[in-house]
Engineer: 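One structure, pasted below without further comment.
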Amino acid sequence: MNKKSFTSPLLKNDGFKAALPALISIGIGLLTGCLIILAVAVSDPEITMKSGLEAVKIILFGTFTKGRDAAGKLVLSLSGSNAGNLLFRATPVIMTGLSVAFAFRSGLFNIGAAGQYLMGTAATLTAALSLPLTIPRWLVWLIAFLCGMAAGALWGVIPGVLKAYLNINEVLSCIMTNWIAANAVTWFFEQSPLRNTLQSGKIGYIMPTSMAGVSTSRLGLDRIFPDSQVNGGIFVAIIFAVGVYILLSKTVPGFENRICGSNREAARYAGINEKVLTVFSMAFAGALAAGGAALYYLSGGTEFYWSTYQSLPREGFNGIPVALLASNNPLAVIFTGCFMSSLSAAGQQIKNLTSYNEFITDIVIAVIVYLSAFSFFISRIIASKKRKEVG
């Protein structure tokens with residue numbers, strides 16, 4: 001006899017069930033991180049428990065942290081500036097998350113998003129700052145954006161070809177291309193006339209694209225989120241997320257890609273050219289990662305500090321947990337990208353407003369990433385519990 005089920009309608013929703021393992025991972029990660037913060041406050045005589053509780057508040061409500069009032073009390077308030085800057089920082093992370101997710105759905109691990117991001121940066125800035133002023137600025141923006149994506153695609157082709165035709169593991173080749181990109185971009189900008197010599201003290205900086213009159217339109221977002229850097233780039237990232245979702249779920253090439261990712265032998269038996277798809281997948285993933293760099297630096301107000309990028313950009317690696325937490329769903333990447341950006345922003349606020357340094361949030365992120373690898377295991381536990389309820 002079957003037991004009567006009192007399962008909430010929400011738990012019967014397919015979308016919610018798919019997101020539940022990631023939500024559990026995030027919840028456990030946040031709880032663990034907060035306990036670590038409090039444990040540090042107890043063990044370190046230089047950090048008070050009050051500072052520890054404030055750090056927990058910032059971790060949980062980072063977007064709403066406004067600062068301190070005249071009495072030194074931490075103020076939590078909905079800030080348009082913080083929310084806008086979160087969306088601005090989330091834009092490149094969403095794109096790198098899409099890059100990693102698309103490759104994952106094709107059965108590939110694109111750990112080379114950081115190098116592709118750098119190559120996109122170099123191509124975008126070169127085009128935006130070098131094209132003649134006689135060309136309309138909106139057209140220069142478009143050309144620079146496409147140049148950045150093309151550079152990332154070409155850089156992604158390298159591990160794709162090595163994987164498809166020489167069976168060289170894409171993780172190894174991506175790691176090598178990452179460091180080649182880091183040093184090549186550094187060398188390129190050391191020789192480049194694009195260095196910012198117009199402003200004193202800007203040694204090692206490349207001119208922002210606004211100096212050439214090129215910047216992403218705000219589309220009215222500056223009125224909704226005053227005193228923030230947010231611009232229309234967030235809409236471009238969302239459009240790409242929707243486009244990737246449609247490509248993977250509603251088109252023949254997307255279906256073939258998913259089949260190839262699930263079982264290459266079966267794909268080959270079905271007449272699918274898995275080698276071409278492998279190269280295409282890595283090229284497209286590279287274009288997405290580079291597109292994130294293009295959107296970030298075409299904002300007009302951000303400067304590229306080339307000498308620091310011999311250590312690879314975090315945006316490329318942050319795309320990995322973003323994709324994992326989203327279970328490689330392109331639409332979910334939008335939300336996980338914003339969440340990861342919120343944690344990164346909280347790290348800076350913890351450094352500025354408490355006795356902790358910003359690296360405490362790296363512990364929270366690391367725990368969440370570690371737990372996201374167990375999402376399939378969590379899904380099995382949920383499914384097992386559901387079977388028991390049914391009878």
Side-chain angles (χ1 to χ4, degrees), residues 19 22-23 26-27 29-30 33-34 54-68 74-98 117 215-242 291-303 313-326 330-354 356 358-362 364-365 368-369:
L23 294 174
I26 290 172
L30 288 174
C34 291
E54 288 179 338
V56 169
K57 285 183 181 179
I58 293 173
I59 285 286
L60 297 177
F61 309 105
T63 306
F64 304 99
T65 305
K66 195 173 182 179
R68 294 188 181 277
L74 191 69
V75 178
L76 295 180
S77 175
L78 182 59
S79 168
S81 175
N82 284 351
N85 287 329
L86 183 148
L87 293 175
F88 174 70
R89 286 188 293 265
T91 299
V93 179
I94 290 171
M95 294 295 288
T96 55
L98 288 174
Y117 186 94
S215 60
T216 307
S217 173
R218 294 293 189 93
L219 298 178
L221 292 174
D222 52 332
R223 292 192 292 271
I224 302 174
F225 305 103
D227 302 319
S228 71
Q229 293 178 281
V230 69
N231 56 52
I234 184 64
F235 294 128
V236 177
I238 292 172
I239 289 170
F240 268 100
V242 174
L295 291 175
Y296 184 71
Y297 288 105
L298 284 172
S299 65
T302 49
E303 296 171 303
R314 296 182 64 174
E315 289 86 354
F317 294 110
N318 285 346
I320 297 173
V322 165
L324 286 174
L325 286 173
L331 298 181
V333 163
I334 299 170
F335 303 100
T336 55
C338 290
F339 171 72
M340 295 300 292
S341 296
S342 176
L343 283 183
S344 297
Q348 288 299 320
Q349 290 171 335
I350 284 175
K351 178 183 177 181
N352 296 332
L353 300 174
T354 71
Y356 293 85
E358 73 273 22
F359 301 111
I360 196 73
T361 55
D362 289 342
V364 180
I365 294 173
I368 291 171
V369 173

Engineer: Please round to the nearest 0.5 Å and tell me the distance separating atom CZ of R314 and atom OG1 of T96.
Structural biologist: 12.0 Å

Engineer: Which heavy atom of G337 sits nearest to which heavy atom of A90, and what is that distance?
Structural biologist: O-CB, 4.0 Å

Engineer: I'd like to know if the side chain of T216 and the backbone of G232 have a donor-acceptor N/O pair within less than 3.5 Å.
Structural biologist: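 Answer holds: no.
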
Engineer: Rounded to the nearest 0.5 Å, what's the gap from CZ on F317 to OH on Y117? Could you check?
Structural biologist: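 Result: 13.0 Å between the selected atoms.
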
Engineer: Which residues pass the side-chain hydrogen bond (donor to acceptor under 3.5 Å, both in side chains) test with S217, sequence neighbours left out?
Structural biologist: none

Engineer: Given I94 and V236, is the side chain to side chain contact (heavy atoms under 4.5 Å, CB included) satisfied, shown in steps?
Structural biologist: CA-CA 10 Å; I94 290 171; V236 177; over 6 Å; no

Engineer: For C34 and V56, which heavy atoms make the closest approach, and how far apart are they?
Structural biologist: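 Answer, listing the atom of C34 first, then V56: SG-CG1, 3.7 Å.
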
Engineer: Tell me the closest heavy-atom pair linking M95 and L295, and the distance in Å.
Structural biologist: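 Between these two residues, the closest heavy atoms are CG-CD1, 4.1 Å.
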
Engineer: State, with a plain yes or no, whether a side-chain heavy atom of I224 is found less than 4.5 Å away from one of L221.
Structural biologist: yes

Engineer: Verify side chain to side chain contact (heavy atoms under 4.5 Å, CB included) between V242 and L331, making sure each step is shown before the conclusion.
Structural biologist: CA-CA 6 Å; V242 174; L331 298 181; 4.0 Å; yes

Engineer: Roughly how far, to the nearest 0.5 Å, is the OG atom of S342 from the CD1 atom of I58?
Structural biologist: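 I58 atom CD1 to S342 atom OG measures 11.5 Å (nearest 0.5 Å).
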
Engineer: Look up atom OG1 in T91 and atom CZ in F240, then write down how far apart they are to the nearest 0.5 Å.
Structural biologist: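 Separation between the atoms: 12.5 Å.
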
Engineer: Return the minimal non-hydrogen interatomic distance between G84 and S228, and the atom names on each side.
Structural biologist: CA-OG, 3.6 Å

Engineer: Any chance you could measure F225, atom CZ, to F88, atom CZ, to the nearest 0.5 Å?
Structural biologist: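 F225 atom CZ to F88 atom CZ measures 14.0 Å (nearest 0.5 Å).
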
Engineer: State, with a plain yes or no, whether a side-chain heavy atom of L343 is found less than 4.5 Å away from one of L30.
Structural biologist: yes

Engineer: Which pair of non-hydrogen atoms, one from S341 and one from V93, has the smallest distance, and what is that distance?
Structural biologist: OG-CG2, 4.0 Å

Engineer: Supply the atom-to-atom distance R89 CZ to E315 CD, rounded to the nearest 0.5 angstrom.
Structural biologist: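 Nearest 0.5 Å value for the CZ-CD distance: 11.0 Å.
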
Engineer: Within a strict 4.5 Å, meaning less than it, do heavy atoms of the I26 and L325 side chains meet?
Structural biologist: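 Yes, their side chains come closer than 4.5 Å.
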
Engineer: Taking all heavy atoms of I350 and all of A55, pick out the closest pair and write down the distance.
Structural biologist: CD1-O, 4.0 Å

Engineer: With a 6.0 Å cut-off (strictly less than), is the heavy-atom count around CZ of F335, excluding the residue itself, greater than 12?
Structural biologist: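 No, the 6.0 Å shell around CZ holds no more than 12 heavy atoms from other groups.
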
